[in-house]
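Since the structure comes first, as structure tokens, the remarks are kept for the end.
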Amino acid sequence: MKTLTRRDFLKVASIGSASAAALLALASCGSKGGETAGSSAGTNTNTGTGTNASASTGSTASNATVIEDVQQAAAETVETESDILDELTIGMGGFYTSLAPVRNGNYQWQIFVRYLFDRVIYRTGDRRYIGQGAKEWSVADDGVTYTVELYDYITDAEGNPVTAEDVVWMIEESIAAKQKACYAKIDTVKVIDAKTFEVKMKSDVAENFEICMASTYLVARKAFEASADGFATASVTTAPYKVTEFVASNSCAMELRDDYWQKEELLPPELKNRVKKLTYKTITEVSQQQIALETGVVDAFASINATIVHSFEENNAYQVLSAPGAVGQNIYCSGHESRPIASDVNLRRAIFTCLDVDGLIKGAQDGRAEPMHDFVPRTSTGYVTKWDNEDYFVYNPEKAKEYLKESNYKGEALILSGGTSVQKVAQLIQGYCLAVGINIELQIEDQALLSTHANDGSTWDLALSNQGNGLINVWTNRFDNTAYAMGDAMSRHDDELQELLEFTWQVKNFTEENIDKVHKYIMDNAYARGLYLPFTITVQRADIPLTTPIIASSGEIDYPASAYTL
Amino acid sequence: MTEYQMKASLNQGKVRKSSEFLRVLKQLSYNKIAMFGLILFILELVLCLLSPVIAPYDYAAMDVIHMNETPSAAHWFGTDDLGRDILTRILFGGRYSITMSLLSVVVSLIFGVVIGSVAGYFGGWVDNVIMRILDIIQSLPGMLLTIVVSAALGNGYLNTVMALSVNGIPAQARMLRAQMMRVRGSEYVEAAQSINCSQVRIIAKHLFPNSFSPLIVQASMAIANRITMCSSLSFLGLGVQPPAPEWGAMLSGARQYIRDYPHMVIFPGLAIAVTVLALNLMGDGLRDALDPRLKR
Amino acid sequence: MLRYTLRRLLWMIPIVLGVAILVFTLMTFCPGDPAQILLSGSATDEDIQALRDNLGLNDPYLVRLGNFLGNTFLKFDLGSSWMTKVAIKDEIATRLPRTFTLGIISLLISVAVGIPLGIIAAVNQGRLGDNIATALALIGASIPGFWLALLLILLFSVKLNWLPSMGIGGVKYYILPALTGCTYGIATLTRQTRSSMLDVIRSDYITTARSKGVSELHVITRHALKNALIPIITVVGTHFGMMLGGQMITETIFSIPGMGSYIIGGVNQRDYPVVQIGSIFLAIVFSLSMLVVDLLYAAADPRIKARYSQSAKRKVKTK
Amino acid sequence: MTETKNAPFLEINDLKVEYFTKESVVHAVNGVTLTLEKGKTLGLVGETGAGKTTVAKSILRILPDVGARIVGGEIKLEGRDLLKSSEAEMRQIRGKRISMIFQDPMTALNPVQRVGDQIAEVIALHSNESAEAVRKRAEDMLEMVNIPRERYSEYPHQFSGGMKQRVVIAIALACNPELLLADEPTTALDVTIQAQVLRLIAQLRDKLGTSMMLITHDMGVVATHCDTVAVVYAGSVVEYGTKEQVFDHPTHPYTIGLFGAIPNMNVDERWLHPIEGLPPDPSHLPTGCAFHPRCKYATEACRTGEVPTVITPDGHQCRCHNTDAVLKGEGK
């Protein structure tokens, strides 16, 4: 190669160094941001809430308050007096491309919907069902026919009356849409008079009626049919708020209306409305969630990603509120005959006892979760509180090895299936199993691919999935072996368990003692186990004068219903 | 090129049968910056290939105690959110990113050449049909096509390579077809036909060598573009899935920590930037070397 | 010229049809059952089968393709998204302008910065100006867009708090996303301008112009640049195409609800209508911009204009 | 700077021009000295690559700036040294007092600009008349070169080679320049058009009284159109005198060789007498007289040292050591 003349060398050096310098400059501004990020709270300039307290680095007193026990918090909220906040902007991870009421399954449990549409029955944060549109409801002695009596003065934002006929029409509309599983359990529904209607369920499974009524919205048929896109962008609400501005999958601004149909004194504590202007903003990018809080784009962020919470904990310009979530992380064993694990209870026990749940919580959730004592979280209906102080697959690697020796496991790799959201905990589980000599092979897929074989036990040995909202719901979806073509969600046919389930989930047998029998049976056979219940964490600016937070069924804080003292 | 310069270079290039490849290399050596790029790229390639030997840790070894550590003596580039050593993952990651890009360029080169030469040589309705199909493929924005194909084929190494290559095929085919059309019309091909060489010989002996240099230049530029696209795919959650240490996946996995542990984002990004820079430098140099007019 | 434009527009119809069929087929190959995703796991088998019938997923491929093409191109019924039940045409009506504006802004920045930089590099070839411009261009081309986006957000919205780091609103919201999008554009444009200017500067008519006593500035702007325009326009055209594609990442990071995030959401949730109709619209916008590029060719170079208007047969694309 | 009265119209003294490439330095012009009287035509003759075009471009100072540099000598136009003039002054001269016709008409015109506009541009630059007047003058120029004025707004690709060259001529003569540099104006054209174009140039020259430097390698063109002749070899003038002197008494071996290479109609010769060997490599010029490697009369003196310029018996200059040996016999 030609010898480098001085001029050429200079030229190469100038280009090389210029490019490298630029790259490093860009990179360093990134890292410089890192060091100080922990302590500096971006001085937010808008909504004039004043500059924050001086950024103290690494203050010891952590300002994270765990709302201990939801049941206990709900009991306290007797008629606490509260002031009215004029404005609040809340960030959320989920996005809404439309406000239409007839939507897919998990829409109904979102907190956001409570500010749009009232429902026949409202499910509170601690799983009690209270009447919202319904004054009262009763069940006939056949256990399946329910009669519901509505308030007779329900109107929507445009003043159209909402009668029993509108509600029955909405139920039939939801049944036809086939988007919410609970409606498939309704046999017939008919109007009796202007304010009462009758619903006949197919079977007297506990809670089925309540779940359907809790996802039936009060909507005036006249207003709905008049709207061109079925309330997708401009909806006529029946809730205390009206939508002032909606940008699909970006933001929704709402304002308290003064012509709300329900009398103030009849509103239960969970349905109070103490924020005049309420705006929800969608921020999906996790780093942006953190920046939005720091730059004051939002006043609070609901169910924030666990990994970015610690930088707010040491920063007393913010307050971290965490409450037990509604959905627990479970692990299931396949029951399909083609899988050796299906017939090898000792292998299942070995796997369940070799997992250190506290290690999983630290690794996967940055410590922000609590161990579970059943495969449903303690916040779901039907949970027996005495399980909390019973042993539940205590972490014991030695015992796990003994189980392993008794099992006929010959070292082949077991397939652990899960979605991209659980890939971190899956890798930790792989590590723990390897420690006791069990080889695990990860099969991580995106949501779409996973859903094609999530309930097909022949394609995996172990499966990670999260389950929530009620014991009965989990029984029917996971353990009822008539649910899917190949048996239950793990393709297992356990007739003894099936019999036990079909007996217990009837309203009259849905007692703690029977529920405990099911819990024991599943635990002894080690079909499935709960790992941990992640907290739903909300980070808000410290200067929001929140005194008693009210938790909605999704685990998030229901800001309008909470109490404030200015 | 004044008459003088032409005359000068005529005399200077002693007429010896130096193979095309040597000539290109000699010409490339004049361009110092291109050599800088070539050396940088070869250095990276060697580092990545040697990664099993030189990497300090196992790329999948989790160490829950040392999570999110900033660069330290033990971990030069720090550790990621599962306590894995980032330097090791970048070295192994190189094997994924660079090989996937190279492979996808080779695949799109093969398909491009085949389609291009068929269209270019036979012409007529064959050419028109192929051209319209290429129009259809090219009228979709590149990234969108790659995403949909990647979703259709599913994740994983080979599928992602195919998804990445789909995007390059129309451009390569069109380039080769244009070359073929131009070369086919020129005299020396007619001369070859006049001494009745077989069609295959004509294609192999005459059409290919002359159409090849622009293809090489386009291919080298495409590699840089493929690395970025491969990272973008992982960024969107498609392509190679964790725990495979592909650079884009590392970047997308770490982007939520940019505020608190920026080191996790900076190093994979730097790795991508440096590789693409090296490839661009090399590509520019190669283009100048192969383009006789620009010979200095 | 009008006849050529009309012919090109007519030509777009089979191409857009081809795109629809291509995307439709690709989506059917996608693993994952839309019905199951919709009911998100809490449904039993017959619920899923019922929904599949409702969405027509159980019909054979050709029937579904026929229905889809019939609805889209004959009845112009673009249908609604399976996930959100919102009519796709409304969604696109709000989202396409955002993606398009972002695309145009970063295209303009690329042109406004890229071309002058390229000229400076070409005019003082080999000297300092050339080295700096080439170095800038190379760096721009090698930085991955999304990485730059993250760093820009850190710098401008977090540390300096000048610009909003996400969402949509006034012009202020478009600056950072456009900056992310255009670095690659500036790089390719600078390099292309430089190389085509270098070719042109050496040609004879430049010497003729100089021999006429034309000032160096006018030689560059009036004579050299106008001739170097063709390859530059090609790069601008293909770059705009890439812009539409590249938006997907920028939109995800800056949570801008544009076409990019809409289609990616559609792909992830196997929302077939969203992906198919979205792709068709992007393909139409893309083909229109390619037509504009070709018309710019004719405006810039009379020889090409002549070839367009005379040639009765289809203009053979030999780019 | 006043123009001295009796100085020749154009005077080039010891002009030296070099081209810099990565590996080597090309000595294109090595000390050219020429003069040109007003109204006269000087023929510059020599093989390709002898530096003829470089001389012309140096006069106008439009050498390509990458790598070309005038390293010595002076070019005086009516006593004023162009090499010392500022760029602004040069711009006044280019196109107005000196203009140039280029060799290859196919690439000499700007393909994306109307033909008429390219003529109008030089007129507008050097006169401050209104747009209509400029346009009318441009159309007149078109007619002067026998192109219908209606074709003003057509583009170069719509013209044949010959017509394009006529446009170039129109551009060059649009401002009625005092000096016209014609760089092999007809080489790229076929024979029938060549005669037409040359006749046109000659008519316009006589009509406008323009002095001209005609660069060619065609002895016939020199014979019919030039008053004085300079034979150029390897960047320097080897023989210079009036047409009659050089044609009737060629003294320099290279000039004789050139004439030998032309087929003589009235002599029945089977073989032409080409000059052996190849022109020298301009980056490694032989020492002494550049022609000595190919010269039959080369002696030891020719190989080293300065080559003197000798006045031949009939009074024209010749740069050769042994002119008398050449005149006497045919040499070895």
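In the text below, chain A, chain B and the rest are named by the order of the sequence lines, each starting its count at 1.
Between the CZ atom of C/R210 and the CG atom of D/L63 there is a distance of 10.5 Å, given to the nearest 0.5 Å. Distance check: C/E216 CD to D/R91 CZ gives 9.0 Å after rounding to the nearest 0.5 Å. Rounding to the nearest 0.5 Å gives a distance of 8.0 Å between OG1 of C/T208 and CD of D/Q118. One finds the CG atom of D/L109 at 10.0 Å from the CG atom of C/D204 (value rounded to the nearest 0.5 Å). For the atom pair D/N110 CG and C/K212 NZ, the distance stands at 8.0 Å (nearest 0.5 Å). Here the straight-line distance linking atom NZ of C/K226 with atom CD of D/Q113 works out to 7.0 Å at 0.5 Å rounding.
Interface residue D/L60: only side-chain heavy atoms are found under 4.5 Å from chain C. Residue C/S203: no heavy atom, backbone or side chain, is found under 4.5 Å from chain D. For C/A300, the part lying under 4.5 angstrom from a heavy atom of chain D is the backbone only.
Residue D/M106 places its CE atom among 12 or fewer non-hydrogen atoms of other residues, nucleotides or ligands, all under 6.0 Å distant. Atom CZ of C/F100 is surrounded by 12 or fewer heavy atoms from other residues, nucleotides or ligands within 6.0 Å. Residue-environment remark: CZ (D/R69) stays at or below the threshold of 12 foreign heavy atoms within 6.0 Å.
Counting heavy atoms from C-beta outward, D/E121 and C/H218 have side chains that stay 4.5 Å or more apart. Two residues are said to be in side-chain contact when any heavy atoms from C-beta on lie closer than 4.5 Å; D/P156 and C/Y205 fail this criterion.
No other option in D/S99, D/G95, D/A88, D/P111 has as many heavy-atom pairs under 4.5 Å with chain C as D/P111.
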